[in-house]
Amino acid sequence: MRLVLLGPPGVGKGTQAVRLSKRLGVPHISTGDMFREALAKKTALGLSAKEYMDSGKLVPNETTIGLVRDRLENPDCSRGFILDGFPRDVAQAEALKKILKSLGVSLDAAVYIDAGPDIVVKRITGRRVCEGCGATYHMTFNPPPEDGKCPKCGGRIYQRVDDREDTVRERLKVYKALTEPVVDYYEGVGILRTVNGEEDANEVLAAIISMI
Ligand code: ADP
Ligand code: AMP
């Protein structure tokens with residue numbers, strides 16, 4: 001199964017991608033996670049992405065598209081993948097089409113997880129992430145332990161710099177201007193599936209499974 005997850009920052013793409021990846025037995029590919037891992041290792045890629053990420057802007061396409069191409073060419077993607085956070089604009093969607101064509105495959109569905117702005121802002125500002133394993137928590141909906149250590153790996157749980165309110169506003173603006181047109185793009189292709197992302201995470205998962 002080859003899926004793209006679409007939706008505003010904080011809507012729950014990563015949460016659903018982790019579950020779908022387990023359920024379908026295909027890798028979860030998050031470009032945001034790839035950039036954060038590169039930054040933690042202080043590689044040239046990570047350091048070049050940092051200023052864009054911290055200010056809520058998109059990392060330039062020449063960097064991002066090459067990164068995704070290399071990842072999709074990895075043999076572990078031969079049975080499928082869940083793309084989370086890519087494509088982020090129409091040029092990336094066109095590039096993805098070419099990459100998949102060169103691999104002789106195509107997308108099965110683009111799943112659009114939809115939710116209103118108030119819900120998205122609440123989810124994104126309450127998000128906390130484990131530095132070690134990337135597990136995601138939420139101060140209200142799935143609170144981390146009081147000692148701030150991840151129950152899964154013992155890593156430190158922190159708030160992403162770009163999840164603070166001023167950067168969140170910029171990210172939502174970028175989403176509206178550049179990423180929302182990707183939803184229309186996949187509608188035009190005829191593979192868009194929309195789910196209500198305002199429900200509980202288990203219900204969102206069930207809705208996605210029943211659609212794909
Ligand atoms: P995205 O990958 O779209 O940016 P995440 O999956 O990281 O979003 O989710 C953002 C925050 O919202 C996280 O703290 C997560 O635990 C929480 N969350 C995700 N889905 C739901 C849901 N259906 N209901 C309540 N909280 C959710
Ligand atoms: P995310 O983890 O998906 O919220 O992404 C965090 C940040 O990483 C974004 O605000 C961008 O700066 C960068 N990023 C992630 N995916 C992409 C992408 N497909 N294109 C450009 N920048 C990206």
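Read the numbers this way: they start at 1 and go in the same order the structure lists the ligands and their atoms. Along the sequence shown, residues carry numbers from 1.
- Between the side chains of Asn61 and Arg88, no donor-acceptor pair of N or O atoms lies under 3.5 Å.
- Summary of contacts: the protein heavy atom closest to atom 13 (C) of ligand 1 is Thr136 CG2, 3.4 Å.
- The pair Asp163-Arg128 fails the salt-bridge criterion, with no side-chain N (NZ, NE, NH1 or NH2) lying under 4.0 Å from an Asp/Glu carboxylate O.
- Counting heavy atoms under 4.0 Å from ligand 1, residue Ile124 does not touch it at all.
- No chain of hydrophobic side-chain contacts below 4.5 Å, direct or via other Ile, Leu, Val, Met, Phe, Trp or Tyr residues, connects Ile82 to Met34.
- Under the 4.5 Å side-chain criterion, counting only non-hydrogen atoms from C-beta, Tyr175 is in contact with Glu180.
- Taking a cut-off of under 4.0 Å to the non-hydrogen atoms of Gly14, the atoms of ligand 1 that pass are 1 (P), 2 (O), 6 (O).
- Residues Ile119 and Val11 are members of separate hydrophobic clusters, defined by side-chain heavy-atom contacts under 4.5 angstrom among Ile, Leu, Val, Met, Phe, Trp and Tyr.
- Residue Arg123 holds the heavy atom nearest to atom 11 (C) of ligand 1 of all those in Gln16, Arg123, Arg19.
- Here is the list of ligand 1 atoms found below 4.0 Å of a heavy atom in Ala201: 22 (C), 23 (N).
- In this structure, the side chains of Val204 and Val195 come closer than 4.5 Å at one or more pairs of heavy atoms.
- Listed for the Thr167 side chain is no donor-acceptor partner under 3.5 Å among the backbone atoms of Ser55.
- The heavy atom nearest to atom 17 (C) of ligand 1, considering only Arg127, His138, Lys122, Arg160, is found in His138.
- Checked for salt-bridge contact, Asp147 and Lys149 miss the test: no charged N lies under 4.0 Å from a carboxylate O.
- With hydrogens left out, the protein atom closest to atom 26 (N) of ligand 1 is Phe141 CD1, 3.3 Å, a heavy atom.
- Distances from ligand 1 to the non-hydrogen atoms of Gly10 include at least one value under 4.0 Å.
- Inter-residue side-chain proximity for Ile113 and Leu6 is flagged as unmet; no heavy-atom pair is nearer than 4.5 Å.
- Here the shortest heavy-atom distance to atom 9 (O) of ligand 1, taken over Asp200, Thr15, Asn196, belongs to Thr15.
- Electrostatic pairing of Arg71 and Asp76 counts as a salt bridge here, judged by a charged N lying under 4.0 Å from a carboxylate O.
- The nearest non-hydrogen atom to atom 23 (N) of ligand 1, considering only Arg171, Glu199, Lys13, comes from Glu199.
- Considering only non-hydrogen protein atoms, atom 8 (O) of ligand 1 sits nearest to Gly12 N, 3.2 Å.
- Contact annotation: the side chain of Ile212 never approaches that of Asp108 to less than 4.5 Å [non-hydrogen atoms, C-beta and beyond].
- Between Leu39 and Leu45, the closest side-chain pair of non-hydrogen atoms is not below 4.5 Å.
- Protein heavy atom closest to atom 14 (O) of ligand 1, with residue, atom name and distance, is Tyr137 O, 2.7 Å.
- Using a 4.0 Å cut-off between heavy atoms, Asn142 makes no contact with ligand 1 at all.
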Any protein N/O atoms within less than 3.5 Å of an N/O atom in ligand 2? List the atom names and distances, or say none.
from     : atom 1 : to     : atom 2 : distance (Å)
ligand 2 : 2 (O)  : Arg36  : NH1    : 3.0
ligand 2 : 2 (O)  : Arg36  : NH2    : 2.8
ligand 2 : 2 (O)  : Arg160 : NH2    : 3.4
ligand 2 : 3 (O)  : Arg88  : NH1    : 3.0
ligand 2 : 3 (O)  : Arg88  : NH2    : 3.3
ligand 2 : 4 (O)  : Arg160 : NH2    : 3.0
ligand 2 : 4 (O)  : Arg171 : NH2    : 3.1
ligand 2 : 5 (O)  : Arg88  : NH2    : 3.3
ligand 2 : 12 (O) : Lys57  : O      : 2.6
ligand 2 : 16 (N) : Thr31  : OG1    : 2.8
ligand 2 : 16 (N) : Gly85  : O      : 3.4
ligand 2 : 16 (N) : Arg88  : NH1    : 3.4
ligand 2 : 19 (N) : Gly85  : O      : 2.9
ligand 2 : 19 (N) : Gln92  : OE1    : 3.0
ligand 2 : 20 (N) : Gln92  : NE2    : 2.9
ligand 2 : 22 (N) : Val59  : N      : 3.0

